[in-house]
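In what follows, a structure is listed as structure tokens, so that the remarks can point back to it.
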Amino acid sequence: MLIMNEKQNYIRLLSSTLYLFIGVVSVYLFVRNANFYEIKENIAGADLRWYIVIVITTTLGYMVRCARWNMLIKSAGGEATVYASFISLSIGYFVNLALPRVGEFTRCATLQQKKKISFAALIGTVITERLVDLICLILMLIATYAMQSTAMKSFYNQNIIEPLSHTLQNKMSGTSTLFWLIIVLTIIVSVYIFIKVLRPRLPDKLNAITRQVMDGIGSIMKIKQPMLFVFYSMLIWSGYYFMTWFWLQAFDETSNNSWGLCLSIISIGSVGRTIPIQGGGMGAYHFLVEKVAAAYNIAPSMGKTIAIVVHAGQMIYTTAIGIVCYIIFMGRKKSNKP
């Protein structure tokens, strides 16, 4: 077991280093030809009072996400307040800045410590939450594509759809349909064998943990108010939209060309944020947002400015609220308060 843990730690360190390298290279490519004087002038000319509105919107978005998460937790047999979930979520997002994906475990661990909820079940609810967000992102990408002009559709075709199509074709080339059918059947049979044969023979403790994770994943099927869950999901992604839209209002050059640009930044930029690079997808997010802005005929320096301020604004908020919530968590932990 010790050897296995050391191997897992080595793999985790290697993957984190690789993604950090990708992020650094992306940032370098982003700033390589940047005109920092123009970027500085753009920021100096912005109405930064909008950031107050953005902070309020972001906080409300956190609270809605916590309320949605609590619905899954309750369906899995647990109970948590929005306040407790907010503390855990904020700490988790803060950890994610330095250790992508580790924050998901951290927020479950902090909530489990105070509310005595099964850690495995919480992990299951987070997996479900992420799957729901992935579906929302796909729907957002489809909506973005459908609502754009012919010029923008051409941009998406050239930069997203065609590269993905070529990648899939290359993966499929030289591979028979029978081969893929065998793979699918193998996966189905493996899952069946695990559930029916191997799982009952697992040690009781490991079997219980597996069952708790599955209960957490299946919690979405037991929600008593599914439409409220959908409504919360819509509010969360509407919040993402307005957080960016408010930033665009801060600049004269983008305030009159904001709805389509904002929708594209949210959908395409979110793809960059899903890459587990330290700093919330740093580099990848900047690169994609700059490309989107260029497609809307936004000046290069302004495109870079938008990418920088939107990402930096979120980083500042996540860091600040994460530190505050961590201090609160440690204080309540020492005092043994629930």
Side-chain angles (χ1 to χ4, degrees), residues 8-9 12-13 15-16 19-20 23 51 54-74 76 78-133 212-213 216-217 219 232-233 235-236 239-240 243 270 273-282 285 311-338:
Q8 290 176 346
N9 291 334
R12 188 178 296 115
L13 176 62
S15 61
S16 297
Y19 281 118
L20 178 60
Y51 190 56
I54 293 166
V55 168
I56 295 173
T57 305
T58 306
T59 304
L60 292 174
Y62 271 41
M63 294 175 67
V64 173
R65 179 172 285 278
C66 289
R68 190 186 71 169
W69 187 25
N70 285 352
M71 293 182 71
L72 294 173
I73 293 172
K74 187 173 183 180
E79 195 72 39
T81 63
V82 172
Y83 174 75
S85 297
F86 187 94
I87 296 292
S88 300
L89 183 74
S90 300
I91 295 173
Y93 281 178
F94 176 55
V95 172
N96 268 340
L97 292 180
L99 301 170
R101 302 295 178 259
V102 175
E104 310 300 351
F105 296 95
T106 303
R107 65 157 154 154
C108 293
T110 54
L111 188 62
Q112 184 265 342
Q113 286 184 34
K114 284 300 181 184
K115 293 300 178 181
K116 306 304 178 184
I117 304 169
S118 165
F119 176 78
L122 288 174
I123 290 295
T125 61
V126 171
I127 292 173
T128 298
E129 190 184 36
R130 287 306 185 189
L131 289 174
V132 171
D133 286 336
Q212 289 169 357
V213 173
I217 294 175
S219 60
Y232 282 156
S233 299
L235 279 181
I236 290 169
Y240 290 156
M243 278 182 248
S270 294
R273 288 186 183 275
T274 60
I275 302 174
I277 298 174
Q278 287 81 349
M282 68 172 185
Y285 176 84
H311 187 269
Q314 188 62 43
M315 287 271 289
I316 292 171
Y317 177 87
T318 302
T319 301
I321 199 70
I323 293 174
V324 170
C325 286
Y326 179 75
I327 293 172
I328 294 173
F329 172 77
M330 294 304 295
R332 296 179 71 85
K333 184 178 180 181
K334 289 181 180 179
S335 61
N336 293 319
K337 291 182 179 180

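The structure displayed is predicted, hence computed values, not measured ones.
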Looking at [atom1] of [X] and [atom2] of [Y], how far apart are the two atoms once the value is rounded to the nearest 0.5 Å?
X: Phe94; Y: Leu89; atom1: CZ; atom2: CG; answer: 14.0 Å
X: Gln314; Y: Met243; atom1: CD; atom2: CE; answer: 6.0 Å
X: Ser219; Y: Glu129; atom1: OG; atom2: CD; answer: 10.0 Å
X: Ser233; Y: Met71; atom1: OG; atom2: CE; answer: 9.0 Å

Are the side chains of [Y] and [X] in contact, using a 4.5 Å heavy-atom criterion?
X: Ile321; Y: Phe86; value: yes
X: Ile316; Y: Tyr51; value: yes
X: Ile73; Y: Leu111; value: yes
X: Asp133; Y: Arg65; value: yes
X: Ile328; Y: Tyr83; value: yes

Over all atoms of both residues, closest heavy-atom pair of [X] and [Y]:
X: Phe119; Y: Ala109; answer: CE1-N, 3.7 Å
X: Gly239; Y: Thr57; answer: O-CG2, 4.0 Å
X: Cys108; Y: Val126; answer: SG-CG2, 3.5 Å
X: Glu104; Y: Ile123; answer: O-CD1, 4.4 Å
X: Asn70; Y: Ser85; answer: OD1-OG, 2.5 Å
X: Asn96; Y: Val102; answer: OD1-N, 3.6 Å

- Do side-chain atoms of Tyr62 reach the backbone of Ser90 as a donor and acceptor pair under 3.5 angstrom? no
- Query: Hey, is the main chain of Leu122 close enough, under 3.5 Å, to the side chain of Thr125 for a donor-acceptor pair?
  - Reply: yes
- Message: Which residues pass the side chain to side chain donor-acceptor pair (under 3.5 Å) test with Ser88, not counting sequence neighbours?
- Response: Thr110
- Quick one: list whatever passes side chain to side chain donor-acceptor pair (under 3.5 Å) with Thr59, sequence neighbours left out. Tyr317
- Query: Do other residues, nucleotides or ligands put more than 12 heavy atoms under 6.0 Å from the CZ atom of Phe105?
  - Reply: no
